[in-house]
Amino acid sequence: MTEKTPNKTKLRKNPVVLFIHKLGSPAYFYHFTGKFIPWFWAIFLVLTAIGMYQAFFVVPSDYQQGESFRILYLHVPAAWMSLLAYIIMAVCAFIALIWRIRVVEILAMCSAPVGAAFTVVTLVAGSLWGRPTWGTYWVWDARLTSELVLLFLYLGVIGLYNAIDEPRKAARAACLLALVGAVNLPIIHYSVKWWNTLHQGSSISLMGGSSIDSSMLWPLLVMSIAVKFYYGANLLTRSRVKLLEQDLRKGWVRNIVREGK
Amino acid sequence: MTAGVATGSLRSAFVALVRRDLLLAFRRRTELLFPVIFLLVVVSLFPLGIGPSMELLARISPGVIWIAALLSTVISLDGLFRSDFEDGTLEQFVISGHPLTLIALAKILTHWLVAGLPIVLLSPLLAVWMNLPDGTMGVMVITLVLGTPILSLIGAIGVGLTISLKRGGQLLSLLVFPLYVPILIIATAAVMAAADSLPYTQFLGLLVAGLITSLTLAPFAAAAALKISLS
Amino acid sequence: MDHTPFIVGSYAIGAIVLLWTAVAPLIKKKAIVRDIARLIQIEERNDSNP
């Protein structure tokens, strides 16, 4: 034990480690993230405005898909985001289970509803894109099917978290489920993809074939970055509310409420 | 205590646990039959709902039998840890110092013997009912032999997570069905490939890989889940 | 086929879902802050005249 102490004090002095330790404190986390959220919303709105303008007025209509491909500027960023939200949730769940940091537990649990919302958007936009493209609202296409399974995984995590009354126990159980889901997610993804080719499913490439005009890609990139800022702002807002709710009787919450008045 | 004694006591604890659970299960024989009857009822509903056309039934038979196996497994899963959790036996096990992983593995094995094996044994009957294509019977049985233990293993994680809930059974199906998707796909693909006289051994290989992976990982995850539920 | 309703529909539903996801925690926060404020009030009243 005595050998380890100098090492530990050295770690304490490291500003990055110190900062991470501080972020683990609910009060510090609450105040620190509060500064970022307005900026995140602002960046999201500006980028969305740029992306939407380009997607609707600058990009020419696709000669194969006509106008309907403009839905993809919503569908594709939402699909990427839904997957990234799951990955972030799983990483947070892993950290939360090992180091038992409450703030990270809350981050993992608040990532689930946002990710689920994005899977819903992906599915709705995907099937509304499919109607003009495939002639039907739903096709058991590999992408849509694995997105649907992803939604079920999210709903499982949210359901388990809400079903257990004691918040920390609920978070730990749901975190474990999120991790199990994360181990399974690649297997599900590849098995669904492969199931689809096996049954000769129709799969149309999203962005009209091999030669994609760069003017079509730019708004996609802008939109997918915008969506990340939305996610960040939403995740932090939810986490802060959850902290307030859980720390109802703690001094730092009382101070915030008193100052707010 | 030497390592040899430790492993010996672990093995005897494991065997004792499996024996005890099997004995308990066979004392409540009617309860044991519920999932099996459920399996038969679910499969028999398909011809009633779809129509008795033998060609149609033959085409959907691998999927139907497998989905029925999935449903029946989930029905029986709830009893996996339930009684031991409620009467405090599980906590006693933990206090006794035996690793929870070992207990979970013993419970999973018992569950498979009680709920998985009957599915395998009944599958010939189901195959006749559903007019499973000729020559695929063997593959069907092999996929069930390899697949149903995976269902028990993954299901145990879900049970461990929901055990402290009064009505965990409803949530359990939501938790485990998405995780069962790959097994369903691979197992039915193997049977369908055999029906079209295509090579199917690679699918069986995937199932074996899945079985080994879940056998090494799932007991630990189930033990972790139980530990959270017991806390 | 006219694609406009599908484009408008998907963006409208997307906007509604994302808007609701963003607004829901704010509504909840308002309720929680109100609850805590009431709690503080009750405690202060109890402290001043026991």
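Here is the naming used below: chain letters follow the sequence lines, and residue numbers restart at 1 for every chain.
- Counting heavy-atom pairs closer than 4.5 Å to chain A, the top residue among Thr188(B), Thr213(B), Ile183(B), Leu179(B) is Leu179(B).
- Heavy atoms of other residues, nucleotides or ligands lying less than 6.0 angstrom from CG of Asp87(B) number more than 12.
- With a 4.5 Å cut-off on side-chain heavy atoms, Trp195(A) and Val181(B) do not count as touching.
- Applying the 6.0 Å contact sphere to CZ of Phe29(A) captures more than 12 heavy atoms from other residues, nucleotides or ligands.
- Separating the CG atom in Leu97(A) from the CD1 atom in Ile228(B) is a distance of 5.5 Å, to the nearest 0.5 Å.
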### Message
Set out, in order, the CA-CA distance, both residues' side-chain angles and the distance that settles side chain to side chain contact (heavy atoms under 4.5 Å, CB included) for Lys169(A) and Ser164(B), then state yes or no.
### Response
CA-CA 10 Å; Lys169(A) 188 174 160 183; Ser164(B) 61; 3.8 Å; yes
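- Considering Leu160(A), Ile164(A), Leu177(A) in turn, Leu160(A) is the only one that fulfils the side chain to side chain contact (heavy atoms under 4.5 Å, CB included) rule with Thr162(B).
- Around the CZ atom of Phe94(A), the shell of radius 6.0 Å holds no more than 12 heavy atoms that belong to other residues, nucleotides or ligands.
- Within a 6.0 Å sphere centred on CZ of Phe220(B), other residues, nucleotides and ligands contribute 12 heavy atoms or fewer.
- For Asp134(B), the CG atom counts as loosely surrounded, since its 6.0 Å shell holds 12 or fewer non-hydrogen atoms of other residues, nucleotides or ligands.
- Residue contact with chain A, scored on non-hydrogen atoms closer than 4.5 Å, involves the backbone and the side chain of Leu161(B) alike.
- Between chain A and the residues Leu217(B), Leu206(B), Leu171(B), Ile186(B), the most heavy-atom pairs under 4.5 angstrom are made by Leu171(B).
- Closest approach of Val180(A) and Ala221(B) over heavy atoms only: CG2-CB, 4.4 Å.
- Of all heavy-atom pairs spanning Pro178(B) and Ile188(A), the tightest one is O-CD1, 3.4 Å.
- Atom CD1 of Ile187(A) is separated from atom CD1 of Ile185(B) by 11.5 Å, given to the nearest 0.5 angstrom.
- Under a cut-off of 6.0 angstrom, the local environment of CZ in Arg59(B) is sparse, with at most 12 non-hydrogen atoms contributed by other residues, nucleotides or ligands.
- Applying the 6.0 Å contact sphere to CZ of Phe32(A) captures more than 12 heavy atoms from other residues, nucleotides or ligands.
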